[in-house]
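Data block below; observations after.
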There are 2 protein chains.
Amino acid sequence: MRVSLKDVAAHAGVSIKTVSNVVNNYQHVTPAMRERVQRSIDVLGYRPNLAARHLRKGRTGIIALALPELGNPYFAELAAAVIDAAAAHEYIVLLDHTGGYREQEVLVSQGFRARVIDGLILSPIELEAEDLRDRAENVPLVLLGERDYDLPYDHIAIDNVAAARAAVRHLVELGRREVAFIGARRGRSEPAQLRVRGWREELTAAGLPADDGLVAATDGWGHADGADAMRRILESGRRPDAVFAYNDPMAIGAMRVLFEWGLRVPEDIAVVGFDDVVEGHFGAVTLTSVSPDKEAIGRLAVESVLERLGGNEVSEPHRVWADYRLVERESTLGRAAAADGRG
Amino acid sequence: MRVSLKDVAAHAGVSIKTVSNVVNNYQHVTPAMRERVQRSIDVLGYRPNLAARHLRKGRTGIIALALPELGNPYFAELAAAVIDAAAAHEYIVLLDHTGGYREQEVLVSQGFRARVIDGLILSPIELEAEDLRDRAENVPLVLLGERDYDLPYDHIAIDNVAAARAAVRHLVELGRREVAFIGARRGRSEPAQLRVRGWREELTAAGLPADDGLVAATDGWGHADGADAMRRILESGRRPDAVFAYNDPMAIGAMRVLFEWGLRVPEDIAVVGFDDVVEGHFGAVTLTSVSPDKEAIGRLAVESVLERLGGNEVSEPHRVWADYRLVERESTLGRAAAADGRG
DNA sequence: GTAGGTCTTTACAACGTTATACAGGCGCTT
DNA sequence: AAGCGCCTGTATAACGTTGTAAAGACCTAC
């Protein structure tokens with residue numbers, strides 16, 4: 001049988017509340033009493049019942065993290081960062097995945113999937129502003145990934161447009177003149193649109209073509225989707241000399257197709273990805289990629305949630321920008337030049 | 001303010017328990033009464049408080065999944081499978097990662113990290129039998145991954161020795177005569193040892209060398225560790241004509257080093273991995289790999305936990321074997337031959 | 001020596017839910 | 001028509017914890 005405060009109190013010959021005081025490090029307990037109670041706690045092996053504590057205090061010590069999918073290593077690495085950041089504050093993470101489907105994202109944001117949480121970190125794909133407008137739930141919500149709309153929720157994101165522009169600028173500076181974009185999402189998707197926008201802005205600024213024939217839309221965002229998109233572009237007859245992909249898995253899928261078609265990377269076609277996942281560091285051609293500071297994103301997200309929990313509910317929702325940088329590797333520079341950029 | 005049973009009861013003009021009966025689909029409630037109460041529930045937007053329910057019933061609806069690391073896509077994919085399987089039973093998954101460190105694994109197994117759970121699925125790396133011997137915790141524990149020792153806990157695993165033998169047999173049948181093993185773990189690690197055993201058994205049975213010079217131990221099990229191990233073997237002067245790696249990331253890291261050394265895969269050296277992660281399907285050379293049925297493993301693990309929760313505590317701990325198969329791709333067959341095996 | 005204050009401990013209620021035991025009401029049997 | 005049992009709904013007591021308020025112990029100062 002599980003031992004409760006009552007059992008400890010009986011064993012130590014004190015009241016329940018005194019035991020509770022010891023457990024919670026209440027200030028006004030004499031050292032003698034503290035030790036006596038502690039001994040009983042140790043002897044009986046008492047461990048607080050979190051359900052009861054939660055019921056009483058209204059806090060669970062759990063925050064939920066809802067990601068589109070774990071199969072994408074970017075999200076897996078991000079999840080790891082969140083779990084560690086939460087652990088630093090003695091919080092535990094409940095993980096959910098939405099598949100990137102609007103319906104699932106709405107369900108999660110309304111708290112229908114997990115109802116024992118103090119806060120929620122959500123990385124939406126298809127979710128619309130209106131879906132959050134009438135959110136009745138009162139647990140703090142922090143959104144991951146840039147959103148264009150104005151809502152009373154904290155955002156943690158990198159500047160997608162600027163990051164995409166940096167990636168494309170890198171290609172342009174290398175002398176590339178026809179840069180394709182892979183992974184404009186078929187359905188709505190805020191981040192994808194922003195990266196397309198950055199791609200278009202930078203090309204236009206450089207006086208280079210940014211027509212629709214260079215953009216390949218996809219349904220998903222995995223390796224296979226990138227491969228399909230690349231194949232479609234090549235089959236259309238276009239021969240871009242560079243490709244900017246929505247994320248690394250798609251870039252790697254695209255490179256695979258380039259190999260199959262006998263096109264060399266980077267000599268014939270340079271490739272840039274997004275997310276800087278480990279996988280990109282070890283292919284036959286290592287991948288140049290935009291590298292968001294995942295550790296910072298995870299930490300900032302957790303801190304934002306906990307800050308909201310802290311009580312000062314009036315504070316304005318803030319949009320926090322996390323760092324990113326472009327890591328140059330063989331897929332744009334060739335092996336020799338990228339040697340010291342490898343990581 | 002949050003609405004409780006009491007509020008609904010007042011609104012509907014009935015007792016709290018009647019509302020509870022409706023919520024829990026208790027059999028003996030007249031349709032009229034059910035509808036009347038349901039209307040109040042809908043109007044007020046009542047949602048049960050899980051903490052209270054947990055306190056009363058002793059169940060949380062949460063199971064914990066503790067994995068070594070999420071960065072390894074195998075575990076990420078496995079986590080996705082567990083989350084889905086749990087969702088099918090209206091359970092939610094709390095995710096933790098241990099880094100594969102014995103200390104963390106012990107902490108998790110003792111329930112010190114998460115104390116609001118009904119059951120625990122743990123994928124241990126360094127954990128020893130003795131660590132579980134005096135486990136006081138009474139939440140059901142299911143172990144993922146084969147363990148050699150006998151303990152009163154369910155195991156879900158594939159047959160590592162047999163799977164490793166199948167991988168090596170494939171190489172031998174292709175005419176390879178010197179097969180290296182990458183990823184024998186420096187510290188203790190049950191699965192690694194079993195795969196080394198399978199490697200050794202199969203080679204010995206074929207009358208081929210299985211000496212220590214062909215085995216490279218590592219501390220971790222990521223891409224970089226595989227690359228380091230491969231480099232060490234090559235620098236030692238050995239020129240195996242095949243490599244069997246502990247897992248896919250290590251195999252991919254090893255292939256990267258082979259490219260750097262100008263060795264062709266599979267012509268000069270064939271490579272086989274383990275886990276069949278998506279990443280291996282899309283490299284310049286796609287990777288032959290042992291493919292465990294992750295979906296089945298996740299499902300069986302969840303079902304085992306829930307079965308223990310079901311009450312029949314006396315039932316013997318069972319060791320469940322999940323399926324696996326060897327998926328042949330370019331890293332052992334070359335591009336043409338593997339074309340239809342690609343997936 | 002006692003009043004007044006501070007420090008320590010206690011009793012009790014409450015958090016929201018479900019289990020138990022019981023009270024009516026109804027229909028069926030005899 | 002009375003008795004019996006079943007069906008439906010109700011009051012009440014838990015589950016284990018913490019906050020509140022108050023009681024008790026102890027000390028200082030006059």
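None of the values given here were measured: they were computed from a predicted structure.
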Problem set entry | Side chain proximity check, A/H89 to A/E303, heavy atoms < 4.5 angstrom | yes
Problem set entry | Nearest-Å distance for atom pair CG/P, residues A/L55 and D/dA14 | 17 Å
Problem set entry | Bend angle of the helix from C/dG1-D/dC30 to C/dT30-D/dA1, from helix axes over five pairs at each end, nearest 10° | 50°
Problem set entry | Considering all heavy atoms, the nearest A/P140-A/D118 contact | CD-O, 3.0 Å
Exercise. Think B/T18 has a side-chain N or O under 4.0 angstrom from the OP1 or OP2 of D/dT10?
Worked result: yes
Exercise. Is B/E103 close to B/E126 at the side-chain level, that is, under 4.5 Å between some pair of heavy atoms?
Worked result: no
Exercise. Any side-chain heavy atom of A/N25 sitting closer than 4.5 Å to one from A/R34?
Worked result: yes
Exercise. Hey, are the side chains of A/T98 and A/L67 touching, using non-hydrogen atoms and a 4.5 Å cut-off?
Worked result: no
Exercise. Is there a side-chain contact between A/L95 and B/L65, using heavy atoms and a 4.5 Å cut-off?
Worked result: no
Problem set entry | A/I125 vs A/R185 side-chain heavy atoms within contact, under 4.5 Å | yes
Problem set entry | Within residues 27-43 of chain B, residues whose heavy atoms come under 4.0 Å of DNA chain D | B/H28, B/V29, B/T30, B/M33
Exercise. Between B/E130 and B/R102, is there a salt bridge with N-O shorter than 4.0 Å?
Worked result: yes
Seminar exercise, completed: In B/S/- notation (B base, S sugar-phosphate only, - none; protein heavy atoms under 4.0 Å), nucleotides 17-27 of chain C written 5' to 3' is BBBB-------
Problem set entry | Donor-acceptor under 3.5 Å (B/R36 side chain, B/A12 main chain) | yes
Problem set entry | Residue pair B/V37 / B/N21, side-chain heavy-atom distance below 4.5 Å | no
